[in-house]
Peer 1: 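Please see the structure below; I have some questions.
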Amino acid sequence: MQQTIVRYLAVLTLTALAATGIRVGAQEKPDTPVAKTQSAGSTSSDAGDKQDVDREAKDAVPKRIFFIIPNFMTTNDQPENQGPLTTGEKYNIAWHQFFDVSAHFGNLLQAAISQGANSIPHYGQGWGAFGERFAAQEGDQFTGSMLIYGVLPQVFHQDPRYFRKGKGSAWSRIGYAASRVLIARSDTGNSMFNVSQIFGQLGQAGISLSYYPHEDRNVTGLFSGWAINQFYNIGWNQLKEFTPDLGAYISRHSKKKKAARVHDSRSTILADH
């Protein structure tokens with residue numbers, strides 16, 4: 001199953017990066033790293049199997065996916081991470097999401113793509129138009145961050161983090177990650193409709209109509225863009241769910257190769273003697 005997950009994640013990553021450039025998702029501080037183990041083809045006891053499953057659910061969550069994309073709010077669904085966030089912590093997440101340097105680079109990239117494709121034609125061309133496009137992207141970043149991770153989670157008592165399942169079959173985890181677009185966790189730990197994500201993005205898109213060129217303000221475009229973003233969120237959740245598996249897979253095989261080299265070196269020394 002691990003190799004299936006790795007192949008799936010590789011395809012998903014290339015697709016997501018190609019479709020979104022360096023768009024920024026958000027998530028919380030990672031958990032304490034816990035090494036992931038794998039049975040070496042032999043049968044294990046039920047206790048050993050459960051221990052392996054628990055370790056998979058505690059794989060270290062990287063602060064940045066592929067060292068670029070912020071992942072500060074993803075956390076493993078373990079008891080030590082399930083306590084409610086304070087209002088201050090929610091707004092701290094929102095500010096961090098907006099101020100992260102990669103977000104601004106992503107906005108520059110999106111402004112350049114928009115300029116090259118002339119996707120919002122009434123901005124025109126030239127450095128002035130590029131500056132307006134970049135400022136609009138920054139405005140989107142600010143309003144989206146505040147609504148999705150600060151204001152709405154506070155008002156509706158919702159936890160804005162993504163709680164990684166980390167165990168079960170690959171298909172069950174794919175379905176779980178996709179469902180988190182619509183399902184979130186309340187401050188009390190219960191499942192609830194993901195008000196912050198769904199209406200936060202819609203609110204951000206609505207606010208953007210106030211500063212985009214008047215001729216390019218289109219309600220139909222607003223809702224179609226919002227719908228596309230929900231599919232983007234499904235893909236982003238897959239990366240948040242499975243990236244720790246990839247890290248553990250690489251780490252495990254690196255350790256095996258290192259152990260094999262050490263064994264070979266010792267065998268050579270013993271043979272020489």
Side-chain angles (χ1 to χ4, degrees), residues 23-34 50 53-65 69-100 102-103 141-168 172-204 207 226 229-230 232-245 247:
R23 285 193 60 176
V24 188
Q27 308 323 141
E28 209 235 2
K29 48 194 175 185
D31 308 302
T32 303
V34 178
K50 185 178 186 305
V53 169
D54 289 342
R55 286 176 179 173
E56 289 182 4
K58 294 180 180 180
D59 283 340
V61 178
K63 291 183 179 180
R64 293 183 184 277
I65 293 178
I69 310 172
N71 190 41
F72 304 117
M73 276 183 4
T74 296
T75 189
N76 287 322
D77 194 2
Q78 299 293 320
E80 62 269 23
N81 302 323
Q82 293 170 357
L85 299 177
T86 66
T87 297
E89 287 172 328
K90 292 175 182 179
Y91 278 100
N92 183 57
I93 287 171
W95 280 108
H96 190 83
Q97 168 68 12
F98 170 66
F99 280 114
D100 189 86
S102 66
Q141 183 76 26
F142 176 78
T143 55
S145 297
M146 290 299 112
L147 288 174
I148 296 170
Y149 308 112
V151 176
L152 293 180
Q154 177 196 8
V155 171
F156 291 97
H157 306 288
Q158 179 180 317
D159 195 318
R161 296 175 291 178
Y162 175 83
F163 288 91
R164 176 176 171 268
K165 184 179 182 182
K167 57 186 177 181
S172 71
R173 293 173 62 190
I174 289 170
Y176 168 85
S179 71
R180 296 310 97 177
V181 172
L182 295 176
I183 302 172
R185 187 167 297 183
S186 69
D187 287 340
T188 57
N190 298 316
S191 295
M192 64 178 291
F193 179 68
N194 198 346
V195 178
S196 300
Q197 189 73 53
I198 297 297
F199 290 104
Q201 287 189 327
L202 186 61
Q204 176 268 310
I207 292 171
W226 169 79
N229 275 337
Q230 305 318 305
Y232 162 79
N233 291 336
I234 291 174
W236 173 240
N237 281 355
Q238 304 301 323
L239 286 177
K240 291 185 286 188
E241 178 68 28
F242 288 103
T243 296
D245 293 71

Peer 1: Using the salt bridge (Lys or Arg N to Asp or Glu O under 4.0 Å) definition, which of the options Lys167, Arg161, Arg185, Arg164 pairs with Asp77?
Peer 2: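 Testing each of Lys167, Arg161, Arg185, Arg164 against Asp77, the sole residue satisfying salt bridge (Lys or Arg N to Asp or Glu O under 4.0 Å) is Arg185.
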Peer 1: Can you list every pair that meets salt bridge (charged side-chain N to carboxylate O under 4.0 Å, His left out) and has a residue in residues 145-157, with sequence neighbours left out?
Peer 2: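 Sorted pair list comes back empty.
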Peer 1: For the residue pair Gly168 and Arg173, what are the closest heavy atoms and their distance?
Peer 2: O-CD, 3.8 Å
Peer 1: Would you check if the side chain of Lys90 reaches a backbone N or O of Pro153 as a donor-acceptor pair within less than 3.5 Å?
Peer 2: yes
Peer 1: Can you list everything that forms a ring-ring contact (aromatic ring centres under 6.0 Å, His included) with Tyr176? Sequence neighbours excluded, please.
Peer 2: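 For Tyr176 there are no ring-ring contact (aromatic ring centres under 6.0 Å, His included) partners, ignoring immediate neighbours.
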Peer 1: Is there side-chain contact between His157 and Met192, with at least one heavy-atom pair below 4.5 Å?
Peer 2: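 No, every pair of side-chain atoms sits at 4.5 Å or beyond.
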Peer 1: Decide yes or no for Gln97 and Ile148: does some side-chain heavy atom of the first lie under 4.5 Å from some side-chain heavy atom of the second?
Peer 2: no
Peer 1: Could you tell me if the side chain of Thr243 sits less than 4.5 Å from the side chain of Thr74, heavy atoms only?
Peer 2: no
Peer 1: Quick one: list whatever passes side chain to side chain contact (heavy atoms under 4.5 Å, CB included) with Ala177, sequence neighbours left out.
Peer 2: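 Ala177 satisfies side chain to side chain contact (heavy atoms under 4.5 Å, CB included) with Tyr162, Asn237, Gln238, Glu241 only.
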Peer 1: List for me each residue that meets side chain to side chain donor-acceptor pair (under 3.5 Å) alongside Arg180, sequence neighbours excluded, and say none if there are none.
Peer 2: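 Side chain to side chain donor-acceptor pair (under 3.5 Å) list for Arg180, sorted by chain: empty.
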Peer 1: List the residues meeting side chain to side chain donor-acceptor pair (under 3.5 Å) with Thr87, not counting sequence neighbours, and say none if there are none.
Peer 2: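 If we apply the side chain to side chain donor-acceptor pair (under 3.5 Å) test to Thr87, skipping adjacent residues, there are no hits.
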Peer 1: Can you name the residues that form a ring-ring contact (aromatic ring centres under 6.0 Å, His included) with Tyr91, not counting sequence neighbours?
Peer 2: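 If we apply the ring-ring contact (aromatic ring centres under 6.0 Å, His included) test to Tyr91, skipping adjacent residues, there are no hits.
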Peer 1: For Ser191, check side chain to side chain donor-acceptor pair (under 3.5 Å) against everything at least two apart and list the hits.
Peer 2: none
Peer 1: Which residues satisfy the side chain to side chain donor-acceptor pair (under 3.5 Å) test with Gln197, sequence neighbours excluded?
Peer 2: none
Peer 1: With side chains defined as the heavy atoms from C-beta onward, is the minimum distance between Ile93 and Leu85 less than 4.5 Å?
Peer 2: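 They are in contact (side-chain heavy atoms under 4.5 Å apart), so the answer is yes.
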Peer 1: With sequence neighbours left out, what residues match Leu182 under side chain to side chain contact (heavy atoms under 4.5 Å, CB included)?
Peer 2: Phe193, Ile198
Peer 1: State which residues pass ring-ring contact (aromatic ring centres under 6.0 Å, His included) with Phe99; sequence neighbours excluded, sorted by chain then number.
Peer 2: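 With sequence neighbours excluded, Phe99 shows a ring-ring contact (aromatic ring centres under 6.0 Å, His included) to Trp95, given in chain and number order.
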Peer 1: Rounded to the nearest 0.5 Å, what separation is found between the CG atom of Asn229 and the CD1 atom of Ile234?
Peer 2: 11.5 Å
Peer 1: Mind checking side chain to side chain contact (heavy atoms under 4.5 Å, CB included) for Ser172 and listing every partner two or more places apart, or none if nothing turns up?
Peer 2: Lys165, Ser169
Peer 1: Can you find a heavy atom in the side chain of Asp159 that is under 4.5 Å from one in the side chain of Asp187?
Peer 2: yes
Peer 1: Just wondering, do Leu147 and Phe199 contact through their side chains at under 4.5 Å, heavy atoms?
Peer 2: no
